[in-house]
Structures are given as structure tokens and as C-alpha cells.
2 protein chains.
Amino acid sequence: MIIISKDVRIIMQTFDVMKDSRITLKDLAQVLNLSPSTISRALADHPAISEATKEKVQKKAEELGFIPNSIASSFRKKKSHTLGVIVPRIDIHFHSLVISGIEEFAYKTGYNVTIFQSKDSITREKEITKLLQNKMVEGVIVCLATETYNYDHFKKFRKLGVPLVFYDRVPSNYDTNKIVINDFESAFKATEHLIKKGCTRIAHIAGNQSTPIFKARLQGYKSAIKKHHGNLDEKLIIPCKTLSYEEGALCAEKFLKFSPMPDGIFCANDYTAVSVIQVFRKAGIKIPEDTAVVGFSNYPISRVIEPHLTTINDRAFQMGIEAAKLLIRLIEEEKKSIKSETITLETELIIRESSMKP
Amino acid sequence: MIIISKDVRIIMQTFDVMKDSRITLKDLAQVLNLSPSTISRALADHPAISEATKEKVQKKAEELGFIPNSIASSFRKKKSHTLGVIVPRIDIHFHSLVISGIEEFAYKTGYNVTIFQSKDSITREKEITKLLQNKMVEGVIVCLATETYNYDHFKKFRKLGVPLVFYDRVPSNYDTNKIVINDFESAFKATEHLIKKGCTRIAHIAGNQSTPIFKARLQGYKSAIKKHHGNLDEKLIIPCKTLSYEEGALCAEKFLKFSPMPDGIFCANDYTAVSVIQVFRKAGIKIPEDTAVVGFSNYPISRVIEPHLTTINDRAFQMGIEAAKLLIRLIEEEKKSIKSETITLETELIIRESSMKP
DNA sequence: TTTTGCAATGCAAACGTTTGCGTAAAAATA
DNA sequence: TATTTTTACGCAAACGTTTGCATTGCAAAA
């Protein structure tokens, strides 16, 4: 559907005339009979410029619709005021929350955010790191691709003096800045909650054990069980690859065949937890009376599923805020710090009906 | 938790030495006894440069770890190779899908994506448009803030020759490029589906009527009812402000008091649809036997809720792809086109259990 | 009055890359 | 061999802003 009206023609004319006729500092200088340097300083509120000229310049700039060319400025000052962000996928709710936090803080501080998706591919991740170096970003925030176990492609940033902050899926054995939650403690809390609710056979749907966060969650679960129940039944632990909704259903089917069945299940994420609840309910198992369920991440779905899901708030938005805050601090610090920082965010157990045993 | 090891110290030394010692074209030129222009052309695979020198340059560039300064290049060429994206919020699943599509296409085409959240505030939206002009973005993709009814702050882009593409919440009465779905037809399809399933009293949870997309959905609903049932009972239409999960529950409560109750409900989004299903089921109403429900958007939750929700796939990812594709075409077109384009994506009715009346 | 000091502005270079034009040498043509 | 064409490269300007240093005018101190 294409519409060409008389109106559009008029607009086009304007368009063609104005095209690329951006007013520059020099133009302003000429008009005002001042030097470009004075204009520049006036606009930057430099103390050496008199208030009178400052006002004059401001007014004229406004009048002529002067738009400072920040690329020229970046070029000259060697500062792009841009942060690069590499996430596995933008459309995963957790990451979109983190990005939202990053943008929020960056915007307030005057930085721009350029995003890239690694699609969990190390090849693409490497490509992106190269791009980011060209682009002269001032700092980079990364959540590693699942495939990434070697971090060499990030070393160049250090050489270039570009600070890095990793979040969630962070490098192990590599000293750098990290924003994480305490997965161990969170899992411990979640498991302990089930124990306190009277569960005696608590199962765990575990994530990919080559990913540190899921490993830590399993450890937290184990630790809580050992502390309160003494011994641990390894059979109650079912490892998953992707922790998808579908995989969760498969785990649930397995649990249904156990005898006795688990009376509590701690799932490494919310998708599998939701899946378990649905499969169990279809099988006539009452949640939470027969089996209590706890998830991890506080996805929107957790407060929609019936019964509402007890889960761990993983502070995704806050993670983004902290990542941006730390990164910008590192960028603006006079002498770039040598120390690497790891910020651990406090999680919170959100207790809902799925674990409220009578 | 701060760890300083001997290793880190060594890295730091390297770091300090290397800092800001980026190799430039000039450096390369000097080393190779060639002029910067030759280096530039060699690296750009210019036909006027011999294969021999090209190879020599490539090799040396690799060897010295030359990183082209794309800010300088952007500055000189007046091309930032950057797209600006303004969305109300990144953490809304629909938008994160669109952004994902935008990034996907932009990445393949060599463009970067800088994102901004308007937070549905017109003030912030205006601020962002100013920023984007400074940044010399080559094109902008926008989903308008709910507050936005005046589009003057976007007119400057046209004057600057920067193409704009709007998606989802697009300006009305303003000739520009738009990517939309056919909300009218989709709503018509959804309502007709309920009619064909035998529903005779079909209600509608409508969105904010000052937003064109929700207005169109209401019209589509009305049109289908009128076509098949002849007359329309306006009481069966409940308008909502935000279409939130909570608002959906309020609507559901109202429907429960109707007599006779609606035997079909078409909701303007999935949140309210899910809410309706839950409230109805708690009240003992069988879905879909007593009342069939159809949502809109195909949110992840729609295939988790029991019964799974019949809904409209709004092609969010594809919308992002198309927006980026159109924008980049507009950017790269020789003579910027005068015509505004509106691309309407075909939606798809996804039929699941919530509408499968026997 | 001369000197010193300060406030306000200008000069000019620089940032790294690109590009139109010029030119030398080599190759092709007359 | 003389002339033209082609090939391969260099020169130098330009992009718009910033910034160290120089400069001007003028008031305060000597």
C-alpha cells in the first residue's frame, strides 16, 4: 500500500534542500564573528568564556538549530561514550531485564548501549569482540555463550584499556569483573525452605553441569539436604541439558514412577518447575499437599501458573544496573584499577502457594 | 572479594604499556614505506592497488594487530553504520522479540544497533530523538510511547535525511514508514473462529481505544459479529486501560455476573485471556466447553496455561526483521525515496485447546 | 606612568581515515 | 622510437571538534 499525496511532495522538497546541511561549529562561529574554539567552549560552559558570549552563542545555536556532531567529538576526544553489550539472546526474559537495567543506568549517565546477540555461538561471540574493538566502545558487558570455555578473545580488551564486566554466565579461572548472584546460597535457601515445610524426599532438576551457575545450584541443594537430612539420595537428582519446558515434563514423568515419590522438588529454573506442576496435577498429584515445588528465576509465568510458584528472585534488572554502574565507574576512574571486582547480589526466596504445605 | 595475584600484576604491566597504543594507518604506512592512502585502499580492496601490495599490507596489519578506528572512518565518511531503536521497554517480551529481529538483520548487514527505552514517556522520547541526531545514526526504528500523539520531534529526522521506520504503535495521520500487522483482520479471524466453534454470545476485552491497534482489534471483532450474528451487544465489550493480568481478572469477574454468560471471549491480549481462564476455572466454568477463550500475541505463557490458549501470532521477530530490512534499504537507496511504505505482516491464528469446543 | 596580572578570545594543530587528483613508471599502441 | 594508455601509488585536503598556547585589551598594583 503506497500513498503519495501532495503533502508528501512538499515534505520531500524540504527534505532535499535541508539534506546534509547540518550547521557546524564553524558556521556558528562565522555568523557570530567568533572563533570556533570560543563557540566550542561557550557551549561546553567553559569558565574562560564570559556569560555574555555564552548566552549569545546558546541563543544563536538554538536559533539555527545547531546539532553538535558527536562523532567528530568522539573522534577528537577518543571517547565514544558507548557501551557494548553481548548477550546470548535478547528475547530471553532474563537478558531483556538485564539489558533494561543496563540501558536505564547508562542513559542516566550519558552512555549509549549497543547490543549484540551471540546466539550462544562462540564464533559469533568472537566476531562481535572484534567489531567492538573497531567501534572504540569504552566498555563491554558480557554474558558468555554456552559454548565459551576459552576467553582469549576478551584479552585484547584489557590490552586496549577497555574494561569488561561479565554477568550471569561468567568466566571461570579468569580474573575479571563479575556480577553474579550466589547460586549456591540461593539453592540452599530454596531447598532448606522445602525441608522446613516438612518435605523428606526432595528431588532436584539440575541444569547443565558444565555451566557454573547450575553446578552451584546443585551444590547448594546437596549441602542443604546433607545438613538437615544427613544423607543424600543421588537418584533424586535428574540432570537436564537445556532446562526447557519440554525437558521438565520428561523429568516429571520420571518422578511419577519413583516410589515413594518425591514430596518436594527444587528445580533449577522456572520452566521445568511449571512443567512439573502441570504434569503432576494431570497425574492427580496435589501441589503442594503431595509434592511441593520450588523454581528459580521468578519468571512472569511463576505468578500465573496455578498454584503460583515459589521461586528465587534472581534480580535480573538489578544485575543490569550493577553491571552498568561498575563498568562506568571503571571507565571513568582516573587510574584504571588493577583489581577485579565481583559483585554478588542478594537473592530473595519468593514464597507462593506451590510450596505452602499445610 | 578481591583477588590480586602475581598473574594480574603482569597483566597490568602489559595493560599500561599497551594502553592507547593502537596502531594506526599512518603507523602501518611508515613501517611499510607506503602512503596512508595506499594502506587504506589496500585494506579496502581497492582495484587500483596491486595484489602484491595488498597482501603485504594485509599481512603486516595482521602482524601488528592493526585495528581500524571506525570512529575516524565514520567521521570522514559521515556514516555511523548505526541504527537507533526506541522502544517503550526492552523487558516486554514483544519488544525484546522485535529487537532480536532487528539485531539479527542489522548484524548480517553490518549495522550496529543502539537501543533506548522511552519508558512510555514522551519527554524521554523527545530527549532520545535529540541524542540520536547528535549521534548521527543513519536510521531509526521506533515504537511510540503510549503518551505520544504529536510527532513533531520526529520531523527533524526527515530534514536531516535520516529515514524512520515505525512498528506496532505507529503514528496516525503522519505519512511515514510503518511495519504493522493487520489488527482488524486478525481480530476478525479470531472472532470468526469462535463463531465457527459455535459460540453465540462472544464478549471482547478491549484495549485502550486511543491506541490504534486496539481500536482496530475492536473493529475487527465487531465486524465479524455483525457479519455472522447480525446484531451486536455492546454490553459484551469491556474496555481496559492497560490490559494487565490484574485487569483481566476484573473483567472476568464482571463476565461471571452476566446472564447468560458469554460462551466465547476474544481478548485483546494474552495476559487478560490467561487471567480470564484462571478466574473462570476457579468459578467452576469449563474452558472451552462452557466458554471458549482466544487471546492475542502468542506470548510464551499461552502454551503453558491450561488449557493452552488459542491466540494470534503477531510475528514480533519477523516485525523486527522487516523493520531493519526496510530501514537499511532506505538508508542505502541511492536517491532517498519519497514514498512512504507500510508493510503489513500476515498473522496466524494458532488454535489450541482453549477454543476447542466439542 | 610603567609594570603586572587577569579575563576573554583567537590560532592552529591534532585526532585517523578517506578520496579526488596528480604523477611516475610500465605497458601498449602507433 | 615516439606517443598514448594503463597501472600503481603518493599528495594533500578534508571531515568537525577540541585544546594547549599565544594574544589582546584592560584594570589593578607598583
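Below, chains carry the letters A, B, ... as their sequence lines are ordered, and counting in each starts from 1. Heavy atoms only: backbone and side chains are in, while hydrogens, waters and symmetry mates are out.
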The reported gap from CG in B/Leu83 to CG in B/Asn112 (rounded to nearest 0.5 angstrom) is 8.0 Å
Atom-pair distance ([atom1] on [X]; [atom2] on [N]), nearest Å:
{"X": "A/Phe66", "N": "D/dT17", "atom1": "CZ", "atom2": "C1'", "result": "9 Å"}
{"X": "A/Leu32", "N": "C/dG10", "atom1": "CG", "atom2": "C1'", "result": "15 Å"}
{"X": "B/Asn134", "N": "D/dG16", "atom1": "CG", "atom2": "P", "result": "14 Å"}
{"X": "B/Lys135", "N": "D/dT17", "atom1": "NZ", "atom2": "P", "result": "14 Å"}
{"X": "A/His46", "N": "C/dA7", "atom1": "NE2", "atom2": "P", "result": "13 Å"}
{"X": "A/Asn69", "N": "D/dC15", "atom1": "CG", "atom2": "C1'", "result": "8 Å"}
{"X": "A/Asp27", "N": "D/dT17", "atom1": "CG", "atom2": "C1'", "result": "13 Å"}
{"X": "B/Met136", "N": "D/dG16", "atom1": "CE", "atom2": "P", "result": "8 Å"}

Tell me whether B/Phe75 is stacked on the nucleobase of C/dT17, counting only the six-membered base ring and applying the 5.5 Å and 30° thresholds. no
The side chain to side chain donor-acceptor pair (under 3.5 Å) partner of B/His153 among B/Lys126, B/Glu125, B/Gln133 is B/Glu125
| Distance-only donor-acceptor check, side chains B/Ser340 and B/Thr176, under 3.5 Å | no
Review item, nucleotides 5-10 of chain D N/O atoms under 3.5 Å of protein N/O:
residue, atom, partner, partner atom, Å
D/dC9, OP1, B/Thr53, OG1, 3.4
D/dC9, OP2, B/Ser50, N, 2.9
D/dC9, OP2, B/Ser50, OG, 3.2
D/dC9, OP2, B/Thr53, OG1, 2.9
D/dG10, OP1, B/Ser35, N, 3.3
D/dG10, OP2, B/Ser35, N, 2.9
D/dG10, OP2, B/Ser35, OG, 3.0
D/dG10, OP2, B/Thr38, OG1, 2.2
D/dG10, O6, B/Arg41, NH2, 2.7

Any carboxylate oxygen within less than 4.0 angstrom of a Lys/Arg side-chain nitrogen, looking at [X] and [Y]?
{"X": "A/Glu104", "Y": "A/Lys108", "answer": "yes"}
{"X": "A/Arg124", "Y": "A/Glu127", "answer": "no"}
{"X": "B/Lys59", "Y": "B/Glu62", "answer": "no"}
{"X": "A/Arg329", "Y": "A/Glu333", "answer": "yes"}
{"X": "B/Arg89", "Y": "B/Asp120", "answer": "no"}

Note on DNA chain C: ranges paired as stems (three or more Watson-Crick/G-U pairs in a row, both atom distances under 3.5 Å) are C:1-30 with D:1-30
Worksheet item: Does D/dC15 have OP1 or OP2 sitting under 4.0 Å from an N or O in the side chain of B/Lys79?
Response: no
For this session: Describe the nucleic acid contact of B/Thr24 in one word from base, sugar-phosphate, nothing, applying a heavy-atom distance below 4.0 Å.
Result: sugar-phosphate
Side-chain atoms of B/Arg76 come closest, of D/dT19, C/dT18, D/dG16, to C/dT18
Notebook entry, point to check: Parallel, tilted or perpendicular: which fits the ring planes of A/Phe116 and B/Tyr107, with parallel below 30° and perpendicular above 60°?
Noted result: perpendicular
